[in-house]
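See below for the structure under consideration.
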Amino acid sequence: MRIVLYSFLCVLCSFLLTIPTASGQVKLPGNIRMPSGGGGGGGSRGGGGQSILDDSTKNVYGPQTTLHFYEHDILYNKDSVRYLVDTGLTNFHRWMPMDKAWGKLADLGNHVTASRNLLFQPREDIGTQLGLRSYDAYAIKQDEVAYVDTKSQHTELDFMSGPKKTSLGTFAYTQNVHSRFNFGMRATRLTSNKIYGFANTIGSAALLGRNWTFLAHTSFFSKNKKYLILAHYRHMNMKVSEQGGVIPNVDEAGVVDKYSYDGAAKISDNANSWERRHVFHVYQQYRLLNGFQVFQQADFQSTIDHYTDLSLTRGRQKGIYPATKFDTSQTRQDIYYKLFDNKVGIKGFYEGFNYRAYIRQRFYSMRGGAQSVNETGAPFATYRTGLKFDNIIGAWLGYYLKDSVQYLTAEADLNLGKNVEYRLKAELNTRWGKAGFQSIQTAPDLLVQRYLNNHFDWRNNFDPTKVQTIFASLVLKTKKIEFVPEAQIHQINDYIYYDTAAVPRQLNAGFRLLRVGFNSGIHLNRWNFTTMGYLTLNDNKDVMRIPTVFASGEVTFDFVYAKVLFIQLGLAARYRSSYLADAYMPVTQQFHLQNNTRLNENVVVDGFANVRIKRVRLFFKMSYLNQGGNFGLFPKGYYVTPDYLGLARSFSFGINWPLFD
């Protein structure tokens, strides 16, 4: 199969190199010039694209005739803002969530597995949540949904082949019915294979993760522009064969091979997590007077989550599962969650001020089951929260200077329910930097309040968690160098966490978290250097573990070959200091504290080449170049999460082919 794909790519490249095309000039990073027939080089928020020729020749469509915008642009009264299709080479090799986050995620060592943020990030929205976030990195977010305005049919095809037969395929299509009405869809399938375990090479049993996402979207503006509606449906279906980590090999002399990429898994091949999400979303607004509008945002969400292991023996022997409560041979847990979230308010602008005020109602419920409901007499149990609701009021105010680059915003949200929640935030943005403050109090997740299955049973009445944050950054910029130091101070009270037994606890006290860091960019003709680094100081490592030092960066070199082949060569690296990383409990899909394994400090270096021919972009990437080595400078592997090995050295490639007619 891979031979066929490589042959197809070679034929495709030779075909594209011989097709003539009209072109204009736009800039790429590193001051490189390239034909706009190749799609332009400014990314999703800027530059380039092929223009429409006059009718006496022929119509040619391209990135400049396919624009998009986001719901938050409309919400913040930026109705005229539009963005170009991303046709740049910068960051094109970053397709997976770990790469897109520049390494600021911790997963289970492979793609399409549970993940969490490596650095602390406070919540920015109030309202009781379900508490299942391990698969969020693979779900479509509301603020990622782009609404399109295109003068032609626009189709986009993606394909990626990665380590251990990881594969990604995407098909997207959109078109305008007329200038004010558009619809579109995007479907993606992403799979990964096991890197260890007995079934890591046996047909369908070798599959580790399977992720399907689907998005359908539409937008409509009335002829007089007074009314508009944006709507979308997004779906995620994720299934993961849980492994519990690797069992290191031991040779005849009793020496343990710490990096046993051919070792066995700690739980059976019959263990699976499966989560399915549906979200229906609508936004609409109507302008009553100049500068004054009424708006509505509404969501209906449904989440179904299952965990099954039909053979518990190995998982119990290896200490993955706690003692059983209903059945010693197999386990099953089910969670069903529904939410209706409706926000109605007014918004507008007046003499430099933008404003928004709203009332928000949330109705939600959760029910769960331990073992399968049956009529054979086997033990099982069910539980439910009943219908709950939040009544929230909120307001937002922003003052913008004439250049719209410098502005001051303030916002407040208050939940009038039993668990009083609130959020206060103020932020000043200037061309020299930004500074702000946020105070937020959030209710405990539903899962930490009540949970029951074959291994766990808890009922808690925790207090809301309170986080006060002060943040600031300073922009130091010259023509070729940009350096942005930043700092965050968090005061955290009544923090809720999962302890070493994977059971939720609350710290009825406060602690501080200080993070200082920087982002930098250096642009020297064709050379580009991008770096970020963070130092985190935590005065309570008993409940929150974060690496003290984290850094990530890349260096690229851009050039043109034969006037039509645009190439970006680069090296990317990330570093994490040693720390007691959180372990993972597959039954509850939660990361939790552990005191047995300290992950060593780790450096991962990747090499890549991003290529553009006409409008088609390709990438070629060799991951973990520094694995092992003859001189023992680097270890033979690394762990991302305790017991979960990171991917070994591997090759991947991908292609993006946009069509505009």
Side-chain angles (χ1 to χ4, degrees), residues 95-98 105 107-116 130-141 160-171 186-215 233-245 265-279 301-312 314-315 320-321 330-337 368-369 371-372 447 453-454 584-591 640-641 644 647:
W95 283 35
M96 294 293 107
M98 177 69 80
L105 288 178
D107 57 18
L108 303 186
N110 202 343
H111 304 306
V112 202
T113 58
S115 65
R116 63 178 179 88
L130 174 59
L132 287 174
R133 303 182 179 91
S134 294
Y135 297 149
D136 283 0
Y138 294 90
I140 303 170
K141 318 301 191 297
M160 189 209 76
S161 178
K164 294 295 292 185
K165 299 183 180 179
T166 295
S167 65
L168 180 148
T170 296
F171 172 81
R186 176 179 291 268
T188 299
R189 182 178 186 265
L190 172 62
T191 64
S192 64
N193 275 23
K194 299 171 182 176
I195 59 176
Y196 49 81
F198 293 129
N200 67 346
T201 59
I202 306 175
S204 61
L207 284 169
L208 176 68
R210 283 156 280 185
N211 174 263
W212 297 264
T213 58
F214 177 78
L215 170 69
Y233 164 72
R234 59 187 195 269
H235 170 73
M236 183 192 77
N237 191 335
M238 182 118 166
K239 186 173 183 180
V240 179
S241 297
E242 300 288 358
Q243 294 188 284
K266 288 192 172 184
I267 54 181
S268 76
D269 294 320
N270 296 311
N272 293 281
S273 293
W274 177 65
E275 186 171 314
R276 185 169 62 186
R277 302 181 186 180
H278 303 275
V279 181
Q301 301 181 21
S302 172
T303 300
I304 302 173
D305 184 90
H306 302 299
Y307 180 81
T308 59
D309 189 344
L310 302 180
S311 179
L312 291 179
R314 195 193 314 168
I320 302 299
Y321 300 129
Q330 61 181 9
T331 195
R332 178 184 175 94
Q333 70 96 39
D334 305 291
I335 294 174
Y336 302 89
Y337 170 75
Q371 306 305 96
S372 300
L447 281 182
N453 72 2
N454 195 28
Y584 181 68
M585 173 49 67
V587 178
T588 59
Q589 294 174 21
Q590 302 295 330
F591 289 87
V640 183
T641 294
Y644 289 91
L647 286 168

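Values below: all heavy atoms of this structure, side chains included; hydrogens, waters and symmetry mates excluded. The residues of the chain are indexed from 1 along the displayed sequence.
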Least distance between heavy atoms, [X] atom then [Y] atom:
{"X": "Leu208", "Y": "Asn193", "result": "CB-C, 3.7 Å"}
{"X": "Gln243", "Y": "Tyr196", "result": "NE2-O, 2.8 Å"}
{"X": "Ser192", "Y": "Asn110", "result": "CB-OD1, 4.1 Å"}
{"X": "Ala137", "Y": "Pro97", "result": "O-CG, 3.7 Å"}
{"X": "Gly244", "Y": "Ile320", "result": "O-CD1, 3.5 Å"}
{"X": "Val587", "Y": "Asn453", "result": "CG1-ND2, 2.7 Å"}

Which residues pass the side chain to side chain donor-acceptor pair (under 3.5 Å) test with [X], sequence neighbours left out?
{"X": "Ser268", "result": "Asp309"}
{"X": "Gln330", "result": "none"}
{"X": "Asp305", "result": "Gln333, Gln589"}
{"X": "Thr191", "result": "Ser167"}

Roughly how far, to the nearest 0.5 Å, is [atom2] of [Y] from [atom1] of [X]?
{"X": "Met160", "Y": "Leu190", "atom1": "CE", "atom2": "CG", "result": "6.5 Å"}
{"X": "Ile304", "Y": "Arg276", "atom1": "CD1", "atom2": "CZ", "result": "4.0 Å"}
{"X": "Thr113", "Y": "Leu108", "atom1": "OG1", "atom2": "CG", "result": "4.0 Å"}
{"X": "Ile195", "Y": "Leu647", "atom1": "CD1", "atom2": "CG", "result": "5.0 Å"}
{"X": "Ile335", "Y": "Thr588", "atom1": "CD1", "atom2": "OG1", "result": "8.5 Å"}

Non-hydrogen side-chain atoms of [X] and [Y] separated by less than 4.5 Å:
{"X": "Asn454", "Y": "Gln371", "result": "yes"}
{"X": "Thr188", "Y": "Trp212", "result": "no"}
{"X": "Gln590", "Y": "Leu447", "result": "yes"}

Q. Given Tyr233 and His278, is the side chain to side chain contact (heavy atoms under 4.5 Å, CB included) satisfied, shown in steps?
A. CA-CA 7 Å; Tyr233 164 72; His278 303 275; 2.7 Å; yes
Under 3.5 Å: donor-acceptor pair, side chain of [X], backbone of [Y]:
{"X": "Arg314", "Y": "Ile267", "result": "yes"}
{"X": "Arg234", "Y": "Ile140", "result": "yes"}
{"X": "Lys164", "Y": "Gly162", "result": "no"}

Who are the ring pair (Phe, Tyr, Trp, His ring centres under 6.0 Å) partners of [X], not counting sequence neighbours?
{"X": "Trp274", "value": "His306"}
{"X": "Tyr321", "value": "His455"}
{"X": "Tyr307", "value": "none"}
{"X": "Phe591", "value": "Tyr584"}

Listed partners of [X] passing salt bridge (Lys or Arg N to Asp or Glu O under 4.0 Å), at least two apart:
{"X": "Arg116", "result": "none"}
{"X": "Arg133", "result": "Asp445"}
{"X": "Arg332", "result": "Asp334"}

Q | Stepwise side chain to side chain contact (heavy atoms under 4.5 Å, CB included) test for Met236 and Glu275 | A | CA-CA 8 Å; Met236 183 192 77; Glu275 186 171 314; 4.1 Å; yes
Q: Verify side chain to side chain contact (heavy atoms under 4.5 Å, CB included) between Ser273 and Tyr135, making sure each step is shown before the conclusion.
A: CA-CA 11 Å; Ser273 293; Tyr135 297 149; 3.3 Å; yes
Q) Hey, mind stepping through Thr213 and His235 against side chain to side chain contact (heavy atoms under 4.5 Å, CB included) and telling me if it holds? A) CA-CA 5 Å; Thr213 58; His235 170 73; over 6 Å; no
Q. Which residues satisfy the side-chain contact (heavy atoms from CB on, under 4.5 Å) test with Ser241, sequence neighbours excluded?
A. Lys194, Arg210, Asn272
